[in-house]
Structures are given as C-alpha cells and as structure tokens.
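Notes follow once the structure below has been shown.
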Amino acid sequence: MNDLRKRFEAAIMPNYGVPPVALARGQGCRVWDTDGNAYLDLIGGIAVSALGHGHPALVAAVSEQVATLAHTSNLFLHEPEVRLAERLLRLLDADGRVFFTNSGTEANEAAYKLVRRHAGPGRTYVVAAVSGFHGRTMGALALTGKASIREPFGPFGADVRFVTYGSADELRQAVTGDCAAVFLEPTQGEGGIVPAPEGYLAAARKICDETGAALVLDEIQSGIGRTGAWFQHQHEGVRPDVITLAKGLGGGLPIGACVGLGPYASAFRKGDHGSTFGGNPVACAAALAVLDTIEKEGLLDHVTDVGERLASGIAAVGHPLLAGVRGRGLWRAIVLAEPKSAAVEAAARDAGFLVNALQPDVIRLAPPLIITSDEAGSFVTALPAILGTA
Ligand SMILES: *Cc1c(COP(=O)(O)O)cnc(C)c1O
C-alpha cells in the first residue's frame with residue numbers, strides 16, 4: 001500500500017492529497033485494501049455505491065450491455081437511455097424530459113443553461129445558498145456557496161447571489177422578477193448534512209411561483225433512495241421545476257441527469273447542449289439495474305428502517321465527544337463536540353469501518369442502501385471505543 005501511495009503522489013495531481021487507504025476489491029458492504037484488511041464501507045464512495053460492491057444485478061446489467069453495445073454517441077439513439085428517462089419521469093410522477101450527463105457537476109451545468117435559456121435575457125441573476133455545493137466546473141462552482149473553493153477561480157461571468165440556507169425571509173428578499181432561478185439542495189450535503197428547516201422548500205416553491213423564477217433542486221446526493229424516498233423533495237410534497245441527479249443513480253458507474261419538468265422539459269432547442277458520453281448505454285444499463293433493485297428489494301423502506309436504527313443507536317451511545325446525529329435515511333452526520341473528525345475517521349478505520357470526516361466536527365455516514373441492520377449495529381457497538389481512541 002505504501003508503494004502505491006508513493007506512486008500516486010508522484011503521478012496524480014495533488015488536489016486530493018494522498019488517501020490513506022488503497023482499496024483492492026469489495027463485496028456487498030465490505031471492502032478490502034491492498035494489504036488484505038477488511039472494512040465495513042459506511043461511506044459508499046460518497047453516497048454512490050447504492051447497491052454496495054459487486055451486486056449481481058449491477059454486474060449482470062453492465063457486463064451484458066458492454067458486450068452488446070458500449071457506446072453510440074448522441075448521433076444515434078438507443079433503448080437503455082430512453083428507458084431510463086421514462087423510468088425517472090415515472091418515479092418523479094411528472095411530465096418532463098431528461099438530459100443525461102456523466103457527473104453531478106455536469107447535471108448542474110445543464111440545469112444552469114436550461115434555466116437561462118427558459119428565462120431569456122431579462123432575468124439576469126440566480127440565487128443559491130451559502131454553504132451549498134453544486135460541483136467543481138466553472139458554472140456549478142459559481143453556484144457553490146463555499147468561498148474557499150469558489151473564490152480562487154473567479155470571476156465567473158455569472159451573477160450569483162447567495163442567501164443563508166434555511167431563511168425564507170432572505171430568499172424572499174433576494175428573488176425578484178429579474179431572477180432566473182433558485183438553486184438549492186433539499187439537505188446541504190457537503191455543507192454538513194444539514195436538512196432544510198421545516199417549510200423552507202415549500203416557501204422556496206411559493207417565492208418562485210410568485211416571481212417566475214425556476215426552482216432547481218440539486219438531489220445529486222439526496223436522491224435515489226438515500227433518504228428513504230426516491231427523491232428527498234417527495235418527503236416535503238414540494239415539486240421543483242428542475243432536478244439534478246448523479247451519485248447513487250449509476251451505483252458506481254458515472255452518470256448524471258438533469259430533469260426539466262413542465263415548461264423546463266423543452267426549454268433547450270436543438271443544438272443548445274450536448275455530451276459525447278452522456279446517456280452512455282453502459283451507464284444507463286447500470287442505472288436501470290439500480291432503480292430495479294431498489295424497487296424489487298424494497299430498499300426505500302429498508303433505508304428508512306435501518307437509518308432510524310443507526311441514528312437512534314448512535315444517539316444512545318452517550319459519549320462526551322458525541323454532540324448529536326442529524327440527517328435522514330442512510331445519510332447521517334455524527335456531530336462531534338470537538339473538532340476531532342480526522343482522528344475519529346482514523347480510529348474508525350483502525351477498527352475496520354470507513355467513515356468520512358466531512359468537516360472538523362462532522363463525520364458523514366452514507367453507506368450502501370443494502371446495508372443490513374446487523375452491519376449498521378456493529379458500527380454502533382464499536383463507536384464508544386472509536387470515540388475513546390480519537
Ligand atoms: C457531489 C455533488 C455534486 C457534484 O457531483 P460530481 O459528480 O462530483 O460532479 C453536486 N451537487 C451535490 C449536492 C453533490 O453532493
């Protein structure tokens with residue numbers, strides 16, 4: 001492992017730092033490093049590996065598709081793409097249309113262009129939230145409300161106005177008839193797994209209706225079953241105009257989607273946007289397998305059930321370093337009383353659990369949706385000792 005880390009450091013750009021573990025393989029919710037150590041994967045490639053590792057449905061769908069037809073470009077249509085779009089629209093229970101991408105940031109780039117196209121030149125700015133995260137490419141980065149990652153790369157040639165997440169009053173002040181769109185996460189993921197306060201998304205919907213701005217919900221981390229619903233906005237009964245998806249959608253294969261509803265379904269004109277790989281047959285086959293499996297295995301209820309047990313188990317641990325737990329479904333933040341998340345992450349790893357130090361005082365858990373109650377319970381059992389060593 002140390003040799004691979006040295007080669008990584010020499011050959012890979014330094015933007016990630018050198019990760020502490022080199023993974024070799026995975027099965028279910030378990031992964032093994034290159035030295036043969038096993039870990040319970042409680043981060044799932046950042047809310048991506050929805051079906052865990054090596055799920056037979058995903059393996060079969062991808063293997064079959066790659067052997068049949070791996071790529072077409074968008075000069076040719078193919079069935080997996082159409083089927084996946086139809087499937088997503090059915091799950092959203094809405095009239096709409098889909099543009100497929102290869103990642104989350106590209107889904108938000110598409111959404112940004114879409115709302116500008118629909119708004120025309122009169123609506124000159126968009127609104128997004130402080131501490132929001134929408135991606136690393138220039139458009140999505142302009143929407144990202146974390147100054148430390150945005151500002152070194154500005155200016156962006158985009159008028160983005162930031163509001164405090166959760167304040168309906170600030171949103172009402174910020175959104176006028178000149179605003180093209182409001183970009184929000186239903187729960188701020190990278191911002192610390194911070195759910196929108198009760199009624200905030202409904203207020204955002206109302207403000208957008210009154211001003212004619214588009215409500216864009218970035219469900220890239222919250223979507224595809226993560227919170228126990230297909231999409232988090234379904235818990236709130238709020239219907240967005242545009243939804244962006246990625247992460248869990250492909251179960252580990254790179255795919256994202258920008259879904260436009262109502263008038264946003266057909267706001268792009270021919271030639272307005274494109275992607276060589278977007279809607280790639282293999283990625284679409286993977287996504288179809290993910291959606292099928294979530295449905296067939298009843299994973300939405302499972303996520304709710306195991307997620308609640310996990311959260312109540314953690315909350316009951318009662319350790320001075322533990323300040324609380326927040327989030328929904330299998331998407332939880334363990335909030336620490338001191339900025340010791342890096343030490344907790346390392347102690348968890350030594351104990352055989354992969355978790356993510358999201359912020360100095362926040363540990364993120366986003367395990368595969370198939371994690372069993374016993375697996376989740378094994379982490380709760382180990383937690384006091386982990387906190388004790390951190
Ligand atoms: C991860 C994430 C993105 C960016 O997705 P990439 O695939 O890394 O480009 C955008 N928005 C949210 C809410 C995310 O969690």
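All ligand and atom numbering here is 1-based and tracks the order in the structure. Side-chain atoms are counted along with the backbone in the values below, which use heavy atoms only and exclude waters and symmetry mates.
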### Query
Thinking salt bridges, do Arg172 and Asp169 make one under a 4.0 Å N-O criterion?
yes
### Query
Which residues pass the salt bridge (Lys or Arg N to Asp or Glu O under 4.0 Å) test with Glu79, sequence neighbours left out?
Arg83
### Contacts of Arg25 that satisfy salt bridge (Lys or Arg N to Asp or Glu O under 4.0 Å) - sequence neighbours left out
none
### Query
Which of these passes side-chain hydrogen bond (donor to acceptor under 3.5 Å, both in side chains) with Ser275: Asn280, Thr101, Asn102?
Asn102
### Query
In terms of ring plane angle, is the pair Tyr200 and Tyr165 parallel, tilted or perpendicular, where the classes change at 30° and 60°?
perpendicular
### Message
Tell me every residue that passes salt bridge (Lys or Arg N to Asp or Glu O under 4.0 Å) with Arg226, counting only those two or more places apart in sequence or in another chain.
### Response
none
### Message
List the protein residues in contact with ligand 1, where contact means a heavy-atom separation under 4.0 angstrom.
### Response
Ser103, Gly104, Thr105, Asn108, Phe133, His134, Gly135, Glu185, Asp218, Ile220, Gln221, Lys247
